[in-house]
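Report on the structure given below.
Since the structure is predicted, the reported quantities are computational estimates derived from the model, not experimental observations.
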Amino acid sequence: MPLTSCRMVPVARPLSLLLAFFLCACAETPPRFTRTPVDQTGVSGGVASFICQATGDPRPKIVWNKKGKKVSNQRFEVIEFDDGSGSVLRIQPLRTPRDEAIYECVASNNVGEISVSTRLTVLREDQIPRGFPTIDMGPQLKVVERTRTATMLCAASGNPDPEITWFKDFLPVDTSNNNGRIKQLRSGALQIEQSEESDQGKYECVATNSAGTRYSAPANLYVRELREVRRVPPRFSIPPTNHEIMPGGSVNITCVAVGSPMPYVKWMLGAEDLTPEDDMPIGRNVLELNDVRQSANYTCVAMSTLGVIEAIAQITVKALPKPPGTPVVTESTATSITLTWDSGNPEPVSYYIIQHKPKNSEEPYKEIDGIATTRYSVAGLSPYSDYEFRVVAVNNIGRGPASEPVLTQTSEQAPSSAPRDVQARMLSSTTILVQWKEPEEPNGQIQGYRVYYTMDPTQHVNNWMKHNVADSQITTIGNLVPQKTYSVKVLAFTSIGDGPLSSDIQVITQTGVPGQPLNFKAEPESETSILLSWTPPRSDTIASYELVYRDGDQGEEVRLINLFSVEKIYT
């Protein structure tokens with residue numbers, strides 16, 4: 001274990017040795033709080049400060065947590081005590097309900113760790129109860145000569161009467177550790193005797209009662225040398241800072257300048273004076289801006305007989321982002337589309353949203369949000385389908401308007417389903433008719449179909465006989481063996497490849513009723529005979545023919561059987 005705190009103890013030894021031995025007694029102690037934060041109720045837009053100090057050996061490290069995580073926010077500031085004994089967690093400006101939480105001070109060293117919790121409540125202006133502290137008179141900018149007495153005034157009211165405390169440079173003022181040189185008067189004012197350069201800084205008075213806590217506006221105290229007679233041109237001790245605000249928001253811009261003689265300070269907007277000529281303050285000027293709708297640059301001017309200086313504060317009114325550029329399709333597959341686009345916004349964008357839906361669809365857009373780059377691949381699309389895409393930019397104000405849409409089509413793919421409703425029926429003992437419907441998921445332009453058939457379905461389908469069909473959903477297959485059972489399957493194919501085969505169906509080639517004879521002709525051969533001729537039905541094996549005729553409309557019907565393809569009738 002490392003040595004951290006030692007005391008050197010001399011040990012007597014014989015004088016002849018002329019040596020002094022020392023024992024180092026070391027002890028490590030776990031952290032122990034010497035000051036813990038107290039629950040606090042503040043006002044939205046105001047300030048809250050929590051104080052936490054601890055001792056231990058080695059000196060503990062202090063960390064502030066909110067909801068179990070280390071605080072990290074531009075409105076949260078941790079100010080360390082000069083002696084390393086602890087820190088102050090300052091939150092400004094307060095926001096409700098965002099800042100309402102349990103805050104935790106954790107003190108730890110290599111011996112142990114302890115923690116303490118405190119609660120912050122933030123009220124809106126319309127929630128402030130009667131009796132809540134009010135600062136009736138706060139401290140003002142003051143310049144005092146060294147060794148002279150400086151008094152920073154503060155008066156507050158409330159019910160019950162509030163207790164007044166002071167902060168200097170965001171740390172609590174200790175009135176008990178300076179030999180009575182710094183003390184708080186009964187009126188609440190802070191009196192600093194025998195002013196020193198270390199007393200120079202920013203002071204705030206804080207009024208607290210059971211209803212809550214209210215902070216005054218800060219005021220600077222400057223300590224100058226007694227014998228200082230030299231003249232100093234103006235300079236900005238607190239230059240104005242840039243601000244970003246919401247549309248219609250309010251902001252105060254502070255500008256503090258020093259010099260000898262002390263300069264006058266005014267605000268300007270372009271060539272327009274915002275500070276009245278006859279009411280120009282010395283040293284410090286706060287510009288209050290309300291209901292701000294447009295971004296602008298405000299100029300702080302400090303002037304004395306030794307010169308004029310200027311500093312600019314940029315007030316930026318946040319706005320919704322502009323629409324991104326029209327997305328461009330850079331890559332297309334059967335199930336994905338890759339898009340790129342131009343941000344279209346000079347200011348940073350928090351993230352983008354891609355909206356997509358099938359072309360001409362009445363359904364709402366599907367959205368993919370949280371996209372941090374200007375390139376993205378949208379997956380899970382249907383093959384050979386038309387889609388509409390557009391992009392939306394989002395900043396910390398909200399989402400802006402969508403870009404112009406881009407229409408595109410996914411690539412083809414082999415069909416993912418087989419032809420539907422496959423049917424087969426016998427046309428004759430050697431010919432069957434096969435018909436089907438297009439697959440449910442063609443995934444592209446169907447280039448044709450392939451009919452597989454066999455008398456031995458146990459063979460691999462590659463060994464079956466094939467029959468290609470180019471542009472139809474019906475075909476006949478001839479030259480089959482009569483009185484046999486055939487298995488039939490059908491698949492569809494695109495330019496990419498074959499789809500799956502349909503389930504096989506069976507059909508039996510049997511002898512059936514023959515079709516109608518073709519090209520039937522009758523020619524007179526003599527006065528008493530007529531020559532008849534005809535062509536057999538296609539793809540049929542005919543055993544014989546039967547002929548029916550009669551003499552005139554009223555004649556008796558005569559039936560002749562066992563005829564052939566050419567026959568004579570005698571009358």
Side-chain angles (χ1 to χ4, degrees), residues 1-6 26-42 46-94 99-122 152 163-184 190 192 196 198-208 212-216 218 221:
M1 189 171 290
L3 303 179
T4 57
S5 177
C6 302
C26 302
E28 291 187 333
T29 58
R32 178 177 60 84
F33 286 120
T34 58
R35 187 169 182 178
T36 57
V38 296
D39 293 349
Q40 198 165 140
T41 300
V47 183
S49 295
F50 293 108
I51 305 167
C52 187
Q53 292 176 280
T55 185
D57 193 0
R59 175 175 288 165
K61 177 184 177 183
I62 287 182
V63 174
W64 290 92
N65 294 332
K66 176 185 179 183
K67 297 180 180 178
K69 295 182 180 179
K70 186 176 180 180
V71 295
S72 59
N73 188 299
Q74 62 181 2
R75 295 183 296 104
F76 289 55
E77 186 175 1
V78 176
I79 304 96
E80 305 282 348
F81 282 89
D82 293 338
D83 59 2
S85 63
S87 63
V88 172
L89 172 63
R90 182 181 175 94
I91 308 172
Q92 180 183 13
L94 293 175
D99 296 335
E100 289 196 328
I102 300 295
Y103 294 84
E104 182 183 34
C105 171
V106 181
S108 61
N109 61 14
N110 56 10
V111 182
E113 178 180 293
I114 55 174
S115 65
V116 62
S117 298
T118 185
R119 178 182 295 275
L120 172 62
T121 303
V122 183
M152 306 296 284
E163 176 186 355
I164 291 178
T165 56
W166 285 86
F167 278 74
K168 172 182 176 285
D169 296 332
F170 303 153
L171 291 172
V173 174
D174 185 1
T175 58
S176 64
N177 194 26
N178 45 64
N179 300 319
R181 191 177 65 83
I182 301 176
K183 56 190 173 184
Q184 187 170 324
L190 186 68
I192 305 171
E196 302 173 356
S198 61
D199 297 325
Q200 187 165 288
K202 181 187 293 186
Y203 287 81
E204 299 167 289
C205 73
V206 183
T208 304
T213 300
R214 177 95 67 174
Y215 278 65
S216 74
L221 172 66

Go through the steps to decide whether Asp199 and Ile182 satisfy the test side chain to side chain contact (heavy atoms under 4.5 Å, CB included), and finish with yes or no.
-> CA-CA 10 Å; Asp199 297 325; Ile182 301 176; 3.9 Å; yes

Stepwise side chain to side chain contact (heavy atoms under 4.5 Å, CB included) check, Leu221 with Gln200 = CA-CA 5 Å; Leu221 172 66; Gln200 187 165 288; 5.7 Å; no

Going through the distances and angles, do Val116 and Ile114 end up as a side chain to side chain contact (heavy atoms under 4.5 Å, CB included)?
-> CA-CA 7 Å; Val116 62; Ile114 55 174; over 6 Å; no

Does the side chain to side chain contact (heavy atoms under 4.5 Å, CB included) test come out yes or no for Tyr215 and Phe167, once each step is laid out?
-> CA-CA 10 Å; Tyr215 278 65; Phe167 278 74; 4.1 Å; yes

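Heavy-atom neighbours of Asp83 CG from other residues, nucleotides or ligands within 6.0 Å: above the threshold of 12. Other residues, nucleotides and ligands place no more than 12 heavy atoms under 6.0 Å from the NZ atom of Lys61. A 6.0 Å sphere centred on CD of Glu196 holds more than 12 heavy atoms belonging to other residues, nucleotides or ligands.
In terms of heavy atoms, Thr34 sits closest to Ala54 at OG1-N, 3.7 Å. Taking every heavy atom of both residues into account, Cys105 and Ile62 meet most closely at SG-CG2, 3.7 Å. Taking every heavy atom of both residues into account, Ser117 and Ile102 meet most closely at CB-CG2, 3.8 Å. Between Gln184 and Thr175, the shortest heavy-atom distance links the atoms N-CG2, 4.3 Å. Of all heavy-atom pairs spanning Ser115 and Phe33, the tightest one is C-CE1, 3.7 Å. Of all non-hydrogen atoms in Glu80 and Leu171, the two that sit nearest each other are O-CD1, 3.7 Å.
In this structure, CZ on Arg32 lies 12.5 Å from CG on Asp57, to the nearest 0.5 angstrom. In this structure, the separation between OG1 on Thr29 and CG on Asn109 is 7.0 Å, given to the nearest 0.5 Å. To the nearest 0.5 angstrom, Lys69 atom NZ is 14.0 Å from Glu104 atom CD. Rounding to the nearest 0.5 Å places CD1 of Ile79 at 7.5 Å from CG of Leu89. Here the CH2 atom belonging to Trp64 is positioned 13.0 Å from the NZ atom belonging to Lys70, to the nearest 0.5 angstrom. In this structure, OG1 in Thr36 is found 10.5 Å from CD in Gln53, a value given to the nearest 0.5 Å.
Without hydrogens or angle criteria, Thr118 side chain to Val38 main chain gives a donor-acceptor distance under 3.5 Å. The backbone N or O of Pro93 sits less than 3.5 Å from a side-chain atom of Arg75, completing a donor-acceptor pair. For the pair Glu204 (side chain) and Phe170 (backbone), a donor-acceptor distance under 3.5 Å is absent.
Contact check for Pro58 versus Glu28: side-chain heavy atoms found under the 4.5 Å cut-off. In this structure, Leu120 and Leu94 have side chains that are in contact, with non-hydrogen atoms separated by less than 4.5 Å. Under the 4.5 Å side-chain criterion, counting only non-hydrogen atoms from C-beta, Val88 is in contact with Pro172.
Ring geometry for Trp166 against Tyr203 counts as perpendicular: the plane angle is over 60°, on a 0 to 90° scale with 30° as the lower cut.
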